[in-house]
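Each ligand, and each atom within it, is numbered from 1 in the order the structure gives.
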Amino acid sequence: MKCAVHHVPRGARSPAWNMSLRILLIEDDAMIGSGLRQALERAAMTVDWVKTAADAASALALGEHALVLLDLGLPDGDGFHLLREHRARRGALPIIIISARDNLDARIKGLDLGADDYVLKPFETAELLARIRAVMRRHAGSASSTLTVGDLTLDIASHEAQFQESQALLAAREFALLSTLCSRPGMIFSRAQLEAAIYGWGEEVESNAIDVLIYAIRQKLGRSAIRNVRGAGWMVTKDAA
Ligand code: CA
């Protein structure tokens with residue numbers, strides 16, 4: 001099967017992308033960064049990792065991510081500056097500071113500059129994941145950790161899905177795809193939109209990757225869990241199929 005590298009389109013901004021599980025990780029420490037990336041990917045998130053303030057500024061300007069994890073001490077700048085600039089431009093991305101700076105002033109400054117949370121290093125990955133879910137819930141305006149669309153219910157913490165009589169544990173990408181569809185019930189997602197929502201920069205995406213994921217989800221939950229719209233894409237709906 002032919003492979004194509006997924007390129008992030010510049011400029012054009014689909015509303016769906018901000019509902020995806022793509023995380024922008026801004027962290028210069030190689031060990032912390034790679035450990036964090038693995039943990040986030042295991043939790044069904046796609047991670048775009050930048051290691052400098054300059055790359056972070058470019059990535060933030062694209063506005064493609066669902067959430068940002070922001071280290072403060074970067075080789076070419078300070079995370080506070082990035083945060084201040086983003087909010088000054090009315091950027092509304094959820095941002096969680098991850099830092100070893102444990103003094104009260106830094107924590108207050110971070111929150112006052114518009115961070116959604118401040119997590120001290122070293123942290124337990126499980127706690128960071130819970131904080132990410134909490135921030136995402138707040139941004140989605142929901143207090144619940146489940147997402148329900150019609151007969152379909154997704155548990156954001158456990159990645160369990162229920163559809164009518166079927167219940168199943170979804171793999172990371174399956175969960176990412178289905179939660180992207182559920183973020184906009186009734187909206188048709190094209191193949192390109194789904195790829196953009198669930199794959200990071202430079203990831204190689206098999207040309208049939210989305211079909212494979214949809215097939216796997218339907219095997220677990222039933223064919224009518226996801227609707228095909230011929231020639232256009234896929235969607236989930238609030239009404240029974
Ligand atoms: Ca650092």
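Around atom NE2 of H81, no more than 12 heavy atoms belonging to other residues, nucleotides or ligands sit under 6.0 Å away.
In this structure, W201 has its ring center closer than 6.0 angstrom to the ring center of H65.
Evaluated for a side chain to side chain contact (heavy atoms under 4.5 Å, CB included) with W234, the options M187, Q193, R191 yield exactly one hit, R191.
Looking only at N/O/S atoms, D71 comes nearest to the Ca ion (ligand 1) through OD2.
Not one N/O/S atom of P75, from backbone or side chain, sits under 3.0 Å from the Ca ion (ligand 1). Among the atoms of D28, an N, O or S atom falls under 3.0 Å of the Ca ion (ligand 1).
Legend: residues meeting side chain to side chain donor-acceptor pair (under 3.5 Å) with E124, ordered by chain and number and at least two apart, are absent.
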